[in-house]
Amino acid sequence: MATALEVPSEGTDFPKMSQSDGTVSHEAATKLEDVLEVEKTKCKIELTKEILTVHGKKKHSRIIPVVSILSAVCQDEANSKSQLTIQYIHRAGKSNLKISSICLKGDTSVCNEWERKLLEYVKLVPHRPQRLLVIVNPESGKRNGLKIYKSKVEPIFKLARIETEVVVTESAGHAEDMMSSKDLSGIDGLVLVGGDGTFHEVANGALRKIQNDYGINPDNPDSVLRPLEIPIGMIPAGTGNGIAFQAYSSLDPEVAALAIVLGQRQPHSTFSVHANGKLLKYSIFQLGYGWFGDLIYNAETRRNLGRARYVYVLLNAFVWNNQRLMDLEIEYLPETGPDVTDSENKDEIKEWQKIEGRFIGVHTFAQQNNQDIIDPKIHHSKHKGAVIAVTKQMSRTQIIQLFYKGILMNQIPELIGPDINFVEFLVVSRYRVRLKSPSNPETKDGILERLKNCDGEILQLGGTEFEARCHPGLVQLYHCILPSDEKGIS
Ligand SMILES: Nc1ncnc2c1ncn2[C@@H]1O[C@H](COP(=O)(O)OP(=O)(O)OP(=O)(O)O)[C@@H](O)[C@H]1O
């Protein structure tokens with residue numbers, strides 16, 4: 001039997017109803033109590049603003065946090081009796097959220113009152129979305145985004161009584177253009193149905209809009225940017241869906257929809273990428289120059305292969321192993337973070353540092369802001385910067401190490417060790433890259449030197465120099481905390 005006890009309410013950012021001093025408010029302490037039937041057995045039912053409790057034999061009893069209630073629906077039966085069906089979200093396995101239900105029977109007037117009260121309390125749950133803007137890319141992945149939305153996501157949003165405004169994109173760039181002028185007042189969250197590219201467009205449009213609204217010059221890397229106030233959730237319907245996997249540890253659209261209903265959110269660092277005095281794009285997930293950009297360029301030229309294109313480019317990279325070495329000058333502003341207890345680091349003055357050499361590329365990893373940054377020297381500090389990886393030429397074994405253990409599996413800490421001496425990890429708040437001797441822009445190398453992988457999309461730099469600045473918490477992602485993640489969440 002599934003019980004709602006599996007939903008953690010301690011040690012996570014599940015929204016809580018208690019007051020800031022830790023006490024439960026008078027209203028929350030007020031209980032609604034009744035006796036209703038569960039499978040023909042009379043059971044005592046209690047409801048506070050935080051918990052619904054069904055007392056009874058083991059198979060009937062439940063403790064269901066109000067935050068996890070998906071729906072409460074009362075249906076009339078004969079003789080002034082009704083059935084109240086309560087659906088709730090709970091964990092099932094490591095990376096899964098599931099819906100279970102319990103049916104309570106009793107007098108119609110009592111069941112109606114319970115339905116009313118449950119819905120009232122659910123509406124009070126902090127962060128629970130009531131109105132969402134949904135952007136569907138019908139061309140992502142296997143071109144089934146709309147079908148996924150209609151069959152798997154919309155029914156969940158309807159059960160949760162979430163109002164939606166749905167926009168189906170008509171062309172590449174539509175989502176970004178729309179978001180850059182869309183009035184988001186009254187909207188609690190943005191949901192996109194698609195892949196990483198659609199996420200990137202939605203986030204970029206929304207971030208541009210908010211800087212514009214507040215009169216902030218986004219082109220200047222010194223500008224302090226305004227964070228996006230509402231979270232973004234991704235329903236995986238693309239090819240790679242890396243952002244969705246990072247957020248939910250699952251590529252199941254129903255898990256994503258349930259996580260969005262729960263309203264859990266995680267602040268996330270974002271890079272602004274600048275070149276020639278202009279903001280080019282915001283990057284939320286990954287930013288790769290050199291070899292990491294080549295991979296995405298090669299993958300995009302094989303879009304006809306669908307998901308297999310990523311395997312194709314990796315196999316190619318592995319088999320041919322013809323890495324382009326580039327003479328790079330990398331300047332960076334080290335980030336030591338506010339909570340560093342290590343006295344060695346405490347008084348460190350942040351000054352631009354420089355490394356130069358022949359590298360195959362520079363890659364930036366996605367950074368959730370509540371997690372410890374990965375740096376052996378300052379491992380336990382809560383950090384505000386981001387890790388960039390400056391990579392030297394790799395052997396085939398090292399390529400496997402980097403991809404299997406590192407980027408694809410998102411297990412970067414495992415990369416740090418004596419066998420990872422081909423990557424220099426730097427914790428930065430800002431960095432600049434300059435290619436010292438660029439190739440002719442008409443040649444293949446020249447083309448590759450002038451582009452980046454920005455969230456899995458090709459970003460044209462218009463030159464061979466760029467600057468990227470990390471903005472902690474600029475966006476928030478709907479996500480799903482798994483038990484193994486709890487210690488990393490404050
Ligand atoms: N209606 C449309 N017609 C054609 N292209 C579109 C449309 N709507 C969006 N696009 C473009 O489709 C591109 C690919 O979308 P997306 O990245 O979401 O899917 P994907 O490439 O299959 O997945 P992933 O990026 O996760 O591998 C985006 O760059 C977007 O600009």
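Just follow the structure's listing: the first ligand is 1, and inside any ligand the first atom is 1.
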Has [X] got any heavy atom lying under 4.0 angstrom from an atom of ligand 1?
| X | value |
| --- | --- |
| Arg309 | yes |
| Gly141 | yes |
| His174 | no |

Tell me if a side-chain donor or acceptor on [X] pairs with a main-chain N or O of [Y] at a distance below 3.5 Å.
| X | Y | answer |
| --- | --- | --- |
| Glu449 | Ser439 | yes |
| Asn204 | Tyr282 | yes |
| Asp455 | Gln286 | yes |
| His127 | Gln264 | no |

Exercise. Glu176 and salt bridge (charged side-chain N to carboxylate O under 4.0 Å, His left out): which partner among Lys182, Lys209, Lys281?
Worked result: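 In the set Lys182, Lys209, Lys281, the residue that makes a salt bridge (charged side-chain N to carboxylate O under 4.0 Å, His left out) with Glu176 is Lys281.
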Problem set entry | Option passing salt bridge (charged side-chain N to carboxylate O under 4.0 Å, His left out) with Glu329 (candidates Arg358, Lys354, Arg432) |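 Going through Arg358, Lys354, Arg432 one by one, the salt bridge (charged side-chain N to carboxylate O under 4.0 Å, His left out) with Glu329 is satisfied by Lys354 alone.
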Which of the atoms of ligand 1 are close to [X], meaning less than 4.0 Å from one of its heavy atoms?
| X | answer |
| --- | --- |
| Gly173 | 31 (O) |
| Thr198 | 15 (O), 16 (P), 17 (O), 18 (O) |
| Thr169 | 1 (N), 7 (C), 8 (N), 9 (C) |
| Asn241 | 26 (O) |
| Gly238 | 22 (O), 23 (O) |
| Ser140 | 15 (O), 16 (P), 18 (O), 19 (O), 22 (O) |

Problem set entry | Electrostatic pair Arg430-Glu467, nearest N-O below 4.0 angstrom |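 A salt bridge links Arg430 with Glu467.
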Exercise. Would you call Asp188 and Arg131 a salt bridge, using N to O less than 4.0 angstrom?
Worked result: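 Judged by the 4.0 Å cut-off on N to carboxylate O distance, Asp188 and Arg131 do not form a salt bridge.
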When you look for heavy atoms under 4.0 Å from ligand 1, do you find them on the side chain of [X], its backbone, both, or neither?
| X | answer |
| --- | --- |
| Asp196 | both |
| Ser171 | backbone |
| Glu201 | side chain |

Problem set entry | Residue from Val193, Leu477, Ile243, Val191 passing side-chain contact (heavy atoms from CB on, under 4.5 Å) with Met234 |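 Testing each of Val193, Leu477, Ile243, Val191 against Met234, the sole residue satisfying side-chain contact (heavy atoms from CB on, under 4.5 Å) is Ile243.
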Please write down residue, atom name and distance for the protein heavy atom closest to [atom].
| atom | result |
| --- | --- |
| atom 4 (C) of ligand 1 | Glu139 CG, 3.4 Å |
| atom 17 (O) of ligand 1 | Gly197 N, 2.8 Å |
| atom 6 (C) of ligand 1 | Ala172 N, 3.5 Å |
| atom 29 (O) of ligand 1 | Glu457 OE1, 3.2 Å |
| atom 21 (O) of ligand 1 | Arg303 NH2, 3.1 Å |

Problem set entry | Heteroatom distance test (Gly195, ligand 1): nitrogen or oxygen, under 3.5 angstrom |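 Indeed, backbone or side chain, Gly195 has an N or O that close.
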For this session: Only heavy atoms count here, so choose which of Thr239, Asn137, Val136 is nearest to atom 10 (N) of ligand 1.
Result: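 Answer by nearest heavy atom: Asn137.
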For this session: Would you mind telling me which of Ser100, Ser71, Ser101 makes a side-chain hydrogen bond (donor to acceptor under 3.5 Å, both in side chains) with Gln87?
Result: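 The passing option is Ser71.
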Exercise. Should the pair Phe292 and His363 be assigned to parallel (<30°), tilted (30 to 60°) or perpendicular (>60°) ring geometry?
Worked result: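 Rings of Phe292 and His363: tilted, as their planes differ by 30° to 60°.
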Exercise. Closest approach of Gly263 and Pro129, non-hydrogen atoms and distance?
Worked result: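 Between these two residues, the closest heavy atoms are CA-CD, 4.1 Å.
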